[in-house]
Each structure stands twice: as structure tokens, then as C-alpha cells.
Amino acid sequence: YQGLAGRSTNEVLQLYAAHGQQMKFQRSSVVTQLHGAIKKRLKQDLKSLHSFALELSKDFQRQSKTCLYQVLAAVQGIQLQNEAMKMFQIKAFDLEQSLQEVTERYEKEKQKRKALHNSLIELRGNIRVHCRIRPLLPFDDAAGHSQDRQRSFSEKVAYAADDETILVKCSRPGHASVNKTFQFERVYNDLESQDAVFADVAPLLTSLLDGYNVCIMAYGQTGSGKTYTMLGPQLEGNLAFAIEEESELGIIPRATQEVFRLISEKPPGSYWVEVSVVEVYNNEIFDLLAKDSCGKVFGVKRDVVTTREGKSDVPSLTHETVENASEFLHLVNKGLQLRVTHPTLVHAHSSRSHLVVTLTITTVVFGDNFGMLWEDEQTSQRLNKEASFTFPQKMRDNKSTSSSRASSPVQLEATEKMKQVKTRLQLVDLAGSECVGMSGVTGAALRETSFINRSLSALADVLGAIAEQRAHVPYRNSKLTHLLQDSVGGDAKLLVMLCISPGQKYLTESMQSLGFGTRARQVQRGQVKKKNFSVPSKGK
Ligand code: ADP
Ligand code: MG
């Protein structure tokens, strides 16, 4: 048994070992199988991964290729742009250079323009006469006359033959027939607009900014269109004029607009404009812009004097600074409400006074830069002599109107080196030049008329004296001529706008006005030989 047991044990041990081995073998075959499967799977995965990677890299290559193309194209574009930029820079430089050349040439041309403009104005004569015939109007029909008489009265006798000639043609039974022509620098027919009239006035304003005094006056009998020509149509029942009617505006508002336009082309701050509005009534000067302490406007009597420099001046006259044309218009309109008028038989709103609107243009220049504003030597020298070193009123007392220009100490110090030159634009709506007999006035109105006639005679005398180049020009014979002294005569430019009513009723008055204009016109040509340059019929 022991032996048996021993063998059995051995057998068991062998069996056990065999079993162990078999187990081992069995296990390793599963592993191998698994291994094989895994390996197979792995191989497959690897393969697909490989093909994926291959695809990916191919895709990447493709994309990077297109990107590269794009980058290349962009670089090329930039290069092209750079070249274009360079071209532009060169062009800009060229343009800059030519601009500089043009600017220089323009400056030279500007100087020439000024000299030429002045020669032109001087060639035309420092005194020129334009003549405007107004249309026939409803009030030209004389009331209270028979149909026949009425028709002949309102018949037209004055025509513009061409734009330099006026023809007066009239034959009345019992009167010598009239058939006469008059020549002027310009004749406006009854259809010509305010625009057309101003177009010929505008060049004078260039002279104003070039440093010459300018005067524009309307002469003619009451109702002949002086106020219409100078201001524009008047508002119903009001002495003011209609500012809103742009196309109907007369010379005064248009000239102001033009002055401000011309100033806007100059260096800013170098010019400013002051306005005064006066009326000469019965040889007295009334300040229409004067204010009392409450700021209410009323006409204050002023006097005109001659300064030490021989210039005319109205002490304590109100000068209002204006910044633009509309400010000016409102101011003038306010002043106009005060105009003394007296209805005569001729026209319900006949004005019996001379209206003088003055624009004083002050040019400020620093001592050394004087030539800058007047490039042409002559004007520069002429004005340099006249320039005063005093402060403009506005800078001395800063109390009046709108903007204050020199309030700070720095500014005041700066102004000490300043020179100021004043040029004047005087715009005059003269009182009616008709004869007393015509208007049928007596008493106070007769007195008015005789003052008007005397002042208009004085004006004619002044023009006569200038024509004959007399040493003494009798400016001081009337307040009107004294007031206008600086803008009539010398190198000042005067434009007389003769206003003519075309109706036969006004024949005598029209002939008188045309006579005045003709003699005034000869002033520039030095042709006046006759001593009797007196004008209006001094009452019948
Ligand atoms: P004056 O000032 O010479 O007395 P006005 O200017 O008051 O004359 O003119 C008299 C009238 O004639 C006014 O009603 C005015 O509107 C009109 N008038 C004058 N001139 C013209 C014109 N060219 N066209 C149209 N109406 C005019
Ligand atoms: Mg008038």
C-alpha cells in the first residue's frame, strides 16, 4: 500500500504537473489567439490610420498650396499698391509745387488786377453818371384831368435809345417840341432789374476795398424811383423797405452784401464795418441811429466839422458795428422809420430830406505788414501816409454793440502797434429835385423845398469846382456837400444815378435832372467851361 500510495502520489503529482502544463498550454493558446486577433485588429486600425494620415497630409498640402498662392497674390498686390503710392506721392509733390507756383502767379495777377481795376475806374472817370428810367406807374395818371389830358400827361416821353443814350421826345400843341438825346455811361430802360443796375455798381466796391472812398447817390424828382433804386420797394404805409424781397433789393442792401462778401475773401479780423445813418433835413444833420438812455431811437441833431487833416467828420455821430448784411439792413430799417417826410401832390411818400447811409470800413494792419493788404505800391504808400496810429473807437471804448475785439490786456498791447485805415462808402438817397411850382407846396413845405434846392445847388457847385480844378471847392456851402466831402472829389469814386420819370407830366423835371447829369458827367472830362453849374430851379 505504501508503495501503491507512493506511486499514486507520483501519479497524482505527474497528473497535476501535466494538468498544470496543460492549463499553461491552454492559457497560452488563448493569449495567442487573442494576441492574433488584437494584432490583426491593430494592423487594420494602423492601416486605416495610415491612409487617413496620408489623406490628411495630402489635404494639408493642397490647402497650404492654395494659401501660399493667396499670400503670393497679396504680396504682389501690396507691391503694386506700394508702387502706386509712390506714384501718387510724386504726383502730390508735383501738384504741390505747381500749386505754389500758381499761388505766386495769382498773387502777382492780383496786384496787376488791382492796378488795372483802378485804371479802368479812373478811365471811366472818378465821377460817372448812370440814368434809370422807371416804368410808367398807375399814379402817373393825373387825377382831375379830362380823359384826353390825362392820356397825354401819362404819355411816355423818355426812352432808352440804347444802353448809353436816353431820348426825350415830345410834341405838345402850344409848346416847342422837344427831341433831344443825352449820353451817359449807362442808361437803364424801364424793364431793367435791380440786378442789372447793381451789376454796374459792384466794381466800385472793389475799389472801396482797394482803399478808395466811394459815393453812390440817386438824383431825381420825387417819385422818379430814387428810393426804389437805392433801397428797394417800400413796405405798405411804412418808410422801411421790404428786406424779404431779395430780387427787389436796391443798391444799399446789395452793396452791403457785396462789401461783406469781399471782406470774407480777406484775412479774417483785418476789416470791420461800422454804419451810420443820417438825414439832412433843412440843412440840419440828424443822427438816425442815436439812442437815448432807454435805448429808444430818436433823431438827434449833429454837426459836421472839418478835422485838422482836412477831412469831414460828424462829432459824436453814432457808428454801429455790423458783422453781416442782415444786421446792417435791420439797423438801417430802424433808422429809416424816422425819416422826415411830407406828402406833396407828386407822391404820397415824398421824402423831403437827403438820406446818407455811410459804411466805414476800418482796416487794421500791424505796422510792419502794411503792404500786405494793398499789394500795389501806390495805394500802399498813399494809405500809409493817411494811416493813423490811434485806436479805432470800437477798441477804445468797448461799450457799443455786438462783439468786443480788443478787450484783453494782451490784445490791447497788440493793438498799440496797429495802424488803421478807414475807407468810406456813402450811399445817398437825395431829396426830390422838383420845382416848387410843380409840387404846389407853401409854408413849411416851401421852406423845405428851398433848403433842398439850395443843397442840390451846392452839390452842383462842388462838382463844377472840381471840374474846373479850382483850388477852392465850396464843400462847406451846405451840410450835404460838407458831409460828402471825402467821397466826392480827389481820388474818390462818385456814381450819380439819375432817376427819370418817363411821363410827359414830368418833362420839365426830367430835362432838369438830365441837365444836371450831363454837367456832372463833364466833370470827369474836364469839359465844363460854363461857370453856371447851378442846378435846380430855385422856385418859381
Ligand atoms: P423817389 O424816391 O424818387 O421819390 P420812389 O423810389 O419812392 O421815388 O418811387 C416811386 C414809386 O415808383 C414807388 O412806388 C416805387 O416802387 C415805384 N418805382 C420806382 N422805380 C421803379 C422801377 N424801376 N420799377 C418798378 N417800380 C418802380
Ligand atoms: Mg424817395
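By convention here, the first residue in the shown sequence is residue 1. Each ligand, and each atom within it, is numbered from 1 in the order the structure gives. Everything quoted here is computed from the prediction, not taken from an experiment.
Around atom 8 (O) of ligand 1, the closest heavy atom drawn from P138, S193, A218, G225 belongs to G225.
Residue contact check: R132 has heavy atoms under 4.0 Å from atoms 23 (N) of ligand 1. Atoms of ligand 1 lying under 4.0 Å from any heavy atom of T222, numbered from 1 in the order shown and given with element: 4 (O). Atoms of ligand 1 lying under 4.0 Å from any heavy atom of R134, numbered from 1 in the order shown and given with element: 19 (C), 20 (N), 21 (C). Distances below 4.0 Å separate heavy atoms of T227 from the following atoms of ligand 1: 1 (P), 2 (O), 6 (O).
Residue Q221 places a heavy atom under 4.0 Å from ligand 1. In this structure, G220 has no heavy atom closer than 4.0 Å to ligand 1. Residue contacts with ligand 1 do not include M230, since none of its heavy atoms lies under 4.0 Å from the ligand. The closest approach between C499 and ligand 1 stays at or above 4.0 Å for every heavy atom of the residue. At least one heavy atom of P135 sits less than 4.0 Å from an atom of ligand 1.
Taking the six-membered ring where the residue is Trp, F516 and Y219 present parallel rings, their angle staying beneath 30° rather than reaching 60°.
Without hydrogens or angle criteria, R134 side chain to C499 main chain gives no donor-acceptor distance under 3.5 Å. Under the 3.5 Å distance criterion, the side-chain polar atoms of Q426 are left unmatched by any main-chain donor or acceptor of T358. Looking only at distances, no side-chain donor or acceptor of E279 sits under 3.5 Å from a matching main-chain atom of F286.
A side-chain N or O of H482 and one of T306 form a donor-acceptor pair less than 3.5 Å apart.
Ion pair R186/E192 flagged as a salt bridge, since at least one NZ, NE, NH1 or NH2 atom sits closer than 4.0 Å to an Asp/Glu carboxylate oxygen. Salt-bridge check for E258 with R254: failed, with every basic side-chain N at 4.0 Å or more from each acidic carboxylate O. A salt bridge does not link K311 to D486: none of the charged nitrogens lies less than 4.0 Å from a carboxylate oxygen.
When V280, L355, I452, L480 are each tested for a side chain to side chain contact (heavy atoms under 4.5 Å, CB included) with L430, only one passes: L480.
Contacts of S224 with ligand 1, taken as heavy-atom pairs under 4.0 Å, involve both backbone and side chain.
At least one N or O atom of Y228, backbone or side chain, sits closer than 3.5 Å to an N or O atom of ligand 1. No N or O atom of D190 sits closer than 3.5 Å to an N or O atom of ligand 1.
Taking 2.8 Å as the threshold, T227 counts as a candidate ligand of the Mg ion (ligand 2), since one of its N, O or S atoms lies below it.
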